[in-house]
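Have a look at the structure below, then the notes.
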Amino acid sequence: MDDDVVIEDVDDGEVPYQQVKTASLKNQDLAFVTQTVGDALAQYGWYMLIGTVLVYLLIQYLNKRRASQSNRRPPSELPQDPVRVVRNQEGMEAARRKMQEELDAKAAIFREKQKQQEEEKRRQKVEQWESIQQGKSYKGAAKLSQTTEEASSSTTVLKPKTDKRPLRSADYNPLTGQGGGSCSWRPSRRGPSSGG
């Protein structure tokens with residue numbers, strides 16, 4: 001280890017490395033571009049494919065929407081024939097009059113039925129009063145009148161039957177722990193624990 005080593009710089013007459021001019025590369029092949037593109041596709045290829053498909057679908061959707069909006073112009077922009085507008089308004093007025101007449105006819109029929117029911121009730125009350133004055137029982141007559149009244153009211157207003165299923169079966173009891181599905185909780189035993 002006692003060897004003395006001396007390092008000397010030799011000046012060859014060359015220009016230092018900082019001043020060396022590099023020759024410009026004029027005819028490069030595109031191998032580095034294909035390498036870069038290949039690496040990008042290898043890493044992000046599926047994302048690029050999905051992104052491209054989504055952009056394509058978005059453009060198609062927007063084109064359809066624009067086409068449908070251009071087809072649907074507001075009525076104010078459409079040219080209107082005055083004769084046609086007057087004919088439409090007269091037709092609407094005639095339809096309204098017809099509907100109003102039907103409604104008036106139904107209301108008149110309903111009022112007539114109400115009057116008949118009130119007259120029937122008044123007649124029954126008079127009959128009950130007369131039977132009470134004569135000392136007869138009026139309960140039998142009242143039951144008879146109620147059944148006839150129910151029959152007349154059931155013919156005027158028919159309510160549709162709804163076939164609703166019950167929310168739970170008839171034998172369901174939450175206190176028994178049966179039929180409640182997967183949860184069946186039972187209280188713990190009372191008394192000292194058994195064991196050794």
Q.
Go through it in stages, so that I can follow the logic: the residues are L103 and M99, the test is side chain to side chain contact (heavy atoms under 4.5 Å, CB included), and I'd like the CA-CA distance, side-chain angles, deciding distance and then a yes or no.
A. CA-CA 6 Å; L103 185 63; M99 289 172 64; over 6 Å; no
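Side-chain contact check for Q116 versus E119: every heavy-atom pair is 4.5 Å or farther apart. Counting heavy atoms from C-beta on, the side chains of W129 and K125 never come closer than 4.5 Å. Taking the side chain as every heavy atom from C-beta outward, I132 and K136 never approach each other to under 4.5 Å.
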Can you list, pair by pair, the side-chain donor-acceptor contacts under 3.5 Å of residues 46-62, counting residues two or more places apart and other chains?
{"unit_1": "T52", "atom_1": "OG1", "unit_2": "M48", "atom_2": "O", "d": "2.7"}

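A salt bridge is defined here as a Lys NZ or Arg NE, NH1 or NH2 lying under 4.0 Å from an Asp or Glu carboxylate O, and E118 with R122 fails to meet this definition.
Connection of M92 to V86 is not established within any shared hydrophobic cluster, with ILVMFWY side chains joined at heavy-atom distances below 4.5 Å, either directly or through further cluster members.
For the atom pair T34 OG1 and L41 CG, the distance stands at 11.0 Å (nearest 0.5 Å). To the nearest 0.5 Å, the span separating CD on E93 from CD on Q100 amounts to 10.5 Å. Residue E101 holds its CD atom at 7.5 Å from CG of D104, rounded to the nearest 0.5 Å.
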